[in-house]
Amino acid sequence: MIKHSTPAARVVDVAVVGVGTIGSMALWALSTARRRSASTLRVLGIEQYGTVHTHGAFTGESRLFRVAAKEGRHLTPALLEARTRWLELGRLAARDLLIPAGAIHIAPSGHPDLHAALSAAEEFDLPHRHFDADDLRRQYPQFAVDHGDEGFLDELAGVVRPESAVFAASRQAQADGAEVLYNTVVTSLSPTGTGVRIETSAGAVEAGHVIVTAGPWTARLVPGLSRMLTVANFALAWFMPADISAFLPARLPGFMRDFGDMHAFGAPSIDGFSVKVSPHLHLPTVANPARRPMTLSREQLRWLGTQAQRIFPSLDPEPVRWSVHPDSQSPDSRPIIDTIGEGRISIAAGMSGNGFKFAPVWGQALADLALTGASPWQDAEFTLAHHADPVG
Ligand SMILES: Cc1cc2nc3c(=O)[nH]c(=O)nc-3n(C[C@H](O)[C@H](O)[C@H](O)COP(=O)(O)OP(=O)(O)OC[C@H]3O[C@@H](n4cnc5c(N)ncnc54)[C@H](O)[C@@H]3O)c2cc1C
C-alpha cells in the first residue's frame, strides 16, 4: 500500500497575506530591512490574484495624495514620510509614481476639512495657497466657483499611480530577496505557540510572524474583526472636457470639491483625453467583496454626469468609463493597525477610502511590528482597543 505523507509546510520568518496596496509596501519595507542588515530573513508574500488585478481596493488609474492631513494634523508627518517614499519608489522603479500636480480643495467658506488641512499646512510650514472665490476663478477657470467658496492648494500633494505603485513595490521587494506566491488563496491562519500556520490553496506555510493585509477580504480571513469592518464600495467615473489642455496635470491639480450636499474628488487627465471626476455615490456596503455591486444604473450614471458638470461646466456629462471598487471600512474611518495572536499576527485594515496615500508608511509600520513588536508610526487611534471602544 502506498502511504501518502502530508507534504512538509514551507517555513518562513515573515509572511504577508494579501499583496495589494499595503501588503506590497510591507513587503518592500521588510525586504529593504533585509538588504540593509544583510540578513537572511525569509520573507514571503501570498496573493490570491496576480501582481496587479482589478478586484481589490487599489485600481482605477489614480489616487489622490495629500500632505496636509485634514483627518487630523498629527497624521501630517506620516504623509510627509509617505511622500519621500513615493518619490524613492518611483526612482527605484524608473516610473512616475507620484505626479506632483498639487491638490486643491474647493468648498463653501468655513468647511471644516478645508480648515483642518489649512491649519496642518500652517503648523508644519507646508507650501500652500489659500484662495477666495475671485482668486479661484482667475487661477482655475475650469471649475464653477460659487460666491463664498474658498480654496486650499496643498502644493506638495499630487496624484499617485496605484497599479504602477503596487507593481513597483512588489518587484522591488522581490529584487531584495522576498518571494511571492501569486494565485494562491490563504484559507486559514492558526497560531501555534511558536508562530502561525497558514493554510493556502497551494499547501501549508509556517511563519514566525504573519502580516494580514487582505483589504476588503480581511474579516473573512479574521472573522473576529467582522464587527469592526464592512466592505464599502466606491464608484469612479471619467468624462471628456471640451478642451483637454486645461485638464492636464500642468494646469489642473488633483481635487476635492464640496457643495454642502455633495462631496467629489478627482484627478487631472492621465490618459490625455478624459478627466476623472468621482462624485460620492452612495452604494450599499456588503460583507463579501465578491457580492459587491459591479454595475451602475442609467440613473446613477446620469447623476454622476450632472454632478461632474456642476463642478466643471465644460465636461460632456456622459461618462466615457466608470468602475466600482471595494475598500475595507472601519466605523470611524480610522485604520486598524495592530497585532493579535500574542503579537504574532499584525493586521492593517479598515483603510476606509483613504489608505493609498499613507501606504508606504503603513507598510513600514507593519514591518516594524513584525520585526521589533513596535512602530513609531502606530497611533493609539489605530489600535483594536480604540476600534472596540472609539470613545473610551
Ligand atoms: C475607488 C476608490 C478610490 C480611492 N481613492 C483614494 C484616494 O484618492 N486617495 C487615497 O489615499 N486612498 C484612496 N482610496 C483608498 C485606498 O485605495 C485603499 O484604502 C487601499 O487601496 C486599501 O489597500 P488594502 O491593502 O487594504 O487593500 P487591497 O489593495 O485590496 O489589497 C488587499 C489584497 O489582499 C489580497 N487578498 C485578500 N484576501 C486574500 C487571501 N485570502 N489570500 C491571498 N490574498 C488575499 C487581495 O487580492 C488584494 O490584492 C480609494 C479607494 C477606492 C476603492
Side-chain angles (χ1 to χ4, degrees), residues 62-73 75 101-122 128-154 157 159 232-239 241 246-247 252-268 275-285 296-297 299-319 322 324-325 327 329-334 352-354 357:
S62 56
R63 288 290 183 269
L64 207 53
F65 175 76
R66 298 176 274 106
V67 175
K70 69 178 170 67
E71 299 75 11
R73 293 198 298 270
L75 294 176
I104 190 158
H105 186 184
I106 301 178
S109 184
H111 193 283
D113 285 353
L114 190 151
H115 281 267
L118 181 59
S119 60
E122 284 165 353
H128 68 279
R129 291 179 69 187
H130 189 191
F131 301 95
D132 64 19
D134 288 338
D135 293 337
L136 282 170
R137 287 192 194 100
R138 266 192 299 276
Q139 188 74 30
Y140 298 108
Q142 311 91 320
F143 285 96
V145 174
D146 295 330
H147 178 72
D149 279 344
E150 62 179 326
F152 164 75
L153 177 71
D154 182 343
V159 170
N233 294 295
F234 297 90
L236 300 175
W238 287 258
F239 299 87
F247 291 84
L252 182 69
F255 61 88
M256 290 178 295
R257 182 66 167 110
D258 278 283
F259 283 106
D261 62 346
M262 192 271 287
H263 171 80
F265 67 94
V275 57
K276 179 162 135 184
V277 188
S278 298
H280 183 72
L281 188 61
H282 292 278
L283 295 170
T285 58
L296 297 178
S297 67
E299 192 189 336
Q300 288 170 318
L301 293 173
R302 200 175 300 119
W303 183 83
L304 288 173
T306 306
Q307 300 304 321
Q309 218 178 29
R310 194 174 163 199
I311 301 168
F312 297 117
S314 80
L315 293 187
D316 186 305
E318 192 66 35
W322 51 268
V324 179
H325 309 265
D327 198 4
Q329 176 74 41
S330 74
D332 67 354
S333 295
R334 297 290 181 195
S352 308
N354 204 20
K357 59 182 73 58

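Computed over heavy atoms, backbone and side chain alike; hydrogens, waters and symmetry mates excluded.
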Checking [X] side chain against [Y] main chain: does a donor-acceptor pair fall under 3.5 Å?
X      : Y      : value
Ser109 : Glu150 : no
Arg137 : Val145 : yes
Asn233 : Pro284 : yes

Quick one: do Asp149 and Arg257 make a salt bridge, cutoff under 4.0 Å?
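The answer is yes: the pair qualifies as a salt bridge.
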
Residues Asp154 and Lys70 bridged, charged N to O under 4.0 Å:
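No, this pair does not count.
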
Decide yes or no for [X] and [Y]: does some side-chain heavy atom of the first lie under 4.5 Å from some side-chain heavy atom of the second?
X      : Y      : answer
Pro319 : Phe239 : yes
Asp258 : Leu114 : no
His282 : His280 : yes

Measure centre to centre between the rings of Phe265 and Phe255, then say whether the value is under 6.0 Å.
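No, ring centres 6.0 Å or more apart.
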
Any chance you could lay out the salt bridge (Lys or Arg N to Asp or Glu O under 4.0 Å) test for Asp261 and Arg310, step after step, and finish with the verdict?
CA-CA 12 Å; Asp261 62 346; Arg310 194 174 163 199; 2.9 Å; yes

Hey, could you give me the CZ/CD distance between Phe259 and Gln307, rounded to the nearest 0.5 Å?
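Going from CZ on Phe259 over to CD on Gln307, the span is 7.5 Å.
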
Quickly, which of Val277, Val275, Leu252 forms a side-chain contact (heavy atoms from CB on, under 4.5 Å) with Pro241? Name it, please.
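Only match with Pro241 under side-chain contact (heavy atoms from CB on, under 4.5 Å): Val275.
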
